Amino acid sequence: MDAASFSPAGYNAEFLQIPLPLPAPPAGASIRELTYTHFTVLLDPARRFAIATGVNIDGDQLVNVDRGDDWHLDSRIPIREQAGEAVYARNDLDRGHLVRRQDPVWGDEATARQANYDTFAYTNAAPQAAAFNQSRQLWLGLEDHVLTYARTNGNRISVFTAPVLSAQDPTYRGVKIPQMFWKIAAWTTTMQGSPALHAAGFVLDQSPQLEDIDLDTVRTQARIDGTPPPLGPYRTYQVPIKDIIDLTGLNLAALSGADNLALAPTIREGTDRRTRWVELIDTAGIHL
């Protein structure tokens, strides 16, 4: 069932014990707010990718349904505002889910199946390097790790994810290909009888780590040959949420104020952004 044929509620700001709004776009930005089953996409129609997504995950009600592979355009908005099949055809780019397929798939059977289908909307995708490796598996498993951590506190989390849309992103088939992605997981605990909000921010960097190659030359040749720009190996970092604000321009004040990493002794104000980032090799390095 296409999202246009019903009225999904989308992301629920009241899902956790403490109200948590969607990330707010920069003032004056032209954004499409698209609601789906248990998640919402804030779409930049000029870039044709999301600037933010928000999903509610109820770990106690998750349902296993057949994956399917029904990638589709959202009929509620013009085709020209969506990066569809033409971006991914005949190349090694993956349609990378922003809201992970399994995350909104909870509730009764019909709701879970609709949520599964909804995640295959092209508005919920962005190009990612096709080759799987350990770091990509780590990126995909962050929600599972946080859910396990939150299991004694209602087993609920809300997750926000999107590409970093930079003006410097290389152009391919008429769209700029993001080089970085961000993700923030949020959950609550009860402390001295009162709920407390916690959050953790992450960045996936797939920009090429090719010091001995002139990337401008490679990207120019890629446009000539009709091949995608080079993407580097997946590198996953836990980062201060304030750095995600700097990268995206989004209003993430509530999440930044609850950032667990900001309390870590290794975080120092005034240092170069990258020196504050903690590269993750496995989940053992995550600070929650």
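Note that the structure is a prediction, hence the values are computed from the model and not measured. Side-chain atoms are counted along with the backbone in the values below, which use heavy atoms only and exclude waters and symmetry mates.
Distance CG/Leu255 to CD1/Ile241: 5.5 Å, rounded to 0.5 Å. A distance of 13.5 Å separates CH2 of Trp187 from CD of Gln17, quoted to the nearest 0.5 Å. Residue His198 holds its NE2 atom at 11.0 Å from CG of Leu16, rounded to the nearest 0.5 Å.
Under the 3.5 Å distance criterion, the side-chain polar atoms of Thr53 are matched with a main-chain donor or acceptor of Thr161. Remark: side-chain polar atoms of Arg173 are paired, donor with acceptor, to backbone N or O of Ala89 under 3.5 angstrom. One N or O on the side chain of Trp106 and one on the backbone of Asn56 form a donor-acceptor pair closer than 3.5 Å. Between the side chain of Gln82 and the backbone N or O of Arg80 there is no donor-acceptor pair closer than 3.5 Å. Listed for the His145 side chain is no donor-acceptor partner under 3.5 Å among the backbone atoms of Glu143. Of the possible donor and acceptor atoms, none in the side chain of Asp94 sits under 3.5 Å from a partner among the backbone N and O of Gly96. Here the side chain of Thr148 pairs a donor or acceptor atom with the backbone of Asp144 at under 3.5 angstrom. Between the side chain of Thr111 and the backbone N or O of Gly107 there is no donor-acceptor pair closer than 3.5 Å. Asp103 places no side-chain N or O within 3.5 Å of a backbone atom of Ile57 that could act as its donor or acceptor partner. Within the 3.5 Å criterion, the main-chain N or O of His97 finds no donor-acceptor partner in the side chain of Asn124.
At a threshold of 4.5 Å between non-hydrogen side-chain atoms, the residues Ile184 and Phe202 do not count as touching. Between Thr35 and Arg76 the shortest side-chain heavy-atom distance falls below 4.5 Å. Within the 4.5 Å cutoff, no side-chain heavy atoms of Ser158 are placed close to those of Val55.
By the 4.0 Å N-to-carboxylate-O rule, Arg101 lies too far from Asp69 to be salt-bridged with it. With salt bridges taken as basic N to acidic carboxylate O contacts below 4.0 Å, one links Arg276 and Asp243. Using a cut-off of 4.0 Å between Lys/Arg side-chain N and Asp/Glu carboxylate O, Asp58 and Arg156 are scored as salt-bridged.
A donor-acceptor contact closer than 3.5 angstrom is absent between the side chains of Ser194 and Gln192. Side chains of Asp205 and Tyr234: no donor on one and acceptor on the other come within 3.5 Å. Residues Tyr36 and Thr119 bring no donor and acceptor atom of their side chains to less than 3.5 Å of each other.
For the pair Arg100 and Phe181, the NZ or CZ position fails the cation-pi test of under 6.0 Å to the six-membered ring centre and within 45 degrees of the ring normal.
Taking the six-membered ring wherever Trp is involved, the centroid distance between the rings of Tyr122 and Trp71 falls below 6.0 Å. If you look at Phe15 and His38, their ring centroids are not closer than 6.0 Å.
For the side-chain contact (heavy atoms from CB on, under 4.5 Å) with Arg32, the lone residue among Leu42, Val41, Leu43 that qualifies is Leu43.
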Q: I would like to know whether Val105 and Asn116 meet side-chain contact (heavy atoms from CB on, under 4.5 Å); could you show each step before the answer?
A: CA-CA 6 Å; Val105 181; Asn116 181 78; 3.9 Å; yes
Q: Apply the test side-chain contact (heavy atoms from CB on, under 4.5 Å) to residues Asp44 and Leu165: give CA-CA distance (whole Å), side-chain angles for both, the deciding distance (0.1 Å), then the verdict.
A: CA-CA 9 Å; Asp44 181 335; Leu165 303 181; 4.2 Å; yes
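Trp182 approaches Pro163 most closely through the heavy-atom pair NE1-O, 3.7 Å.
Heavy atoms of other residues, nucleotides or ligands lying less than 6.0 angstrom from CG of Asp108 number more than 12.
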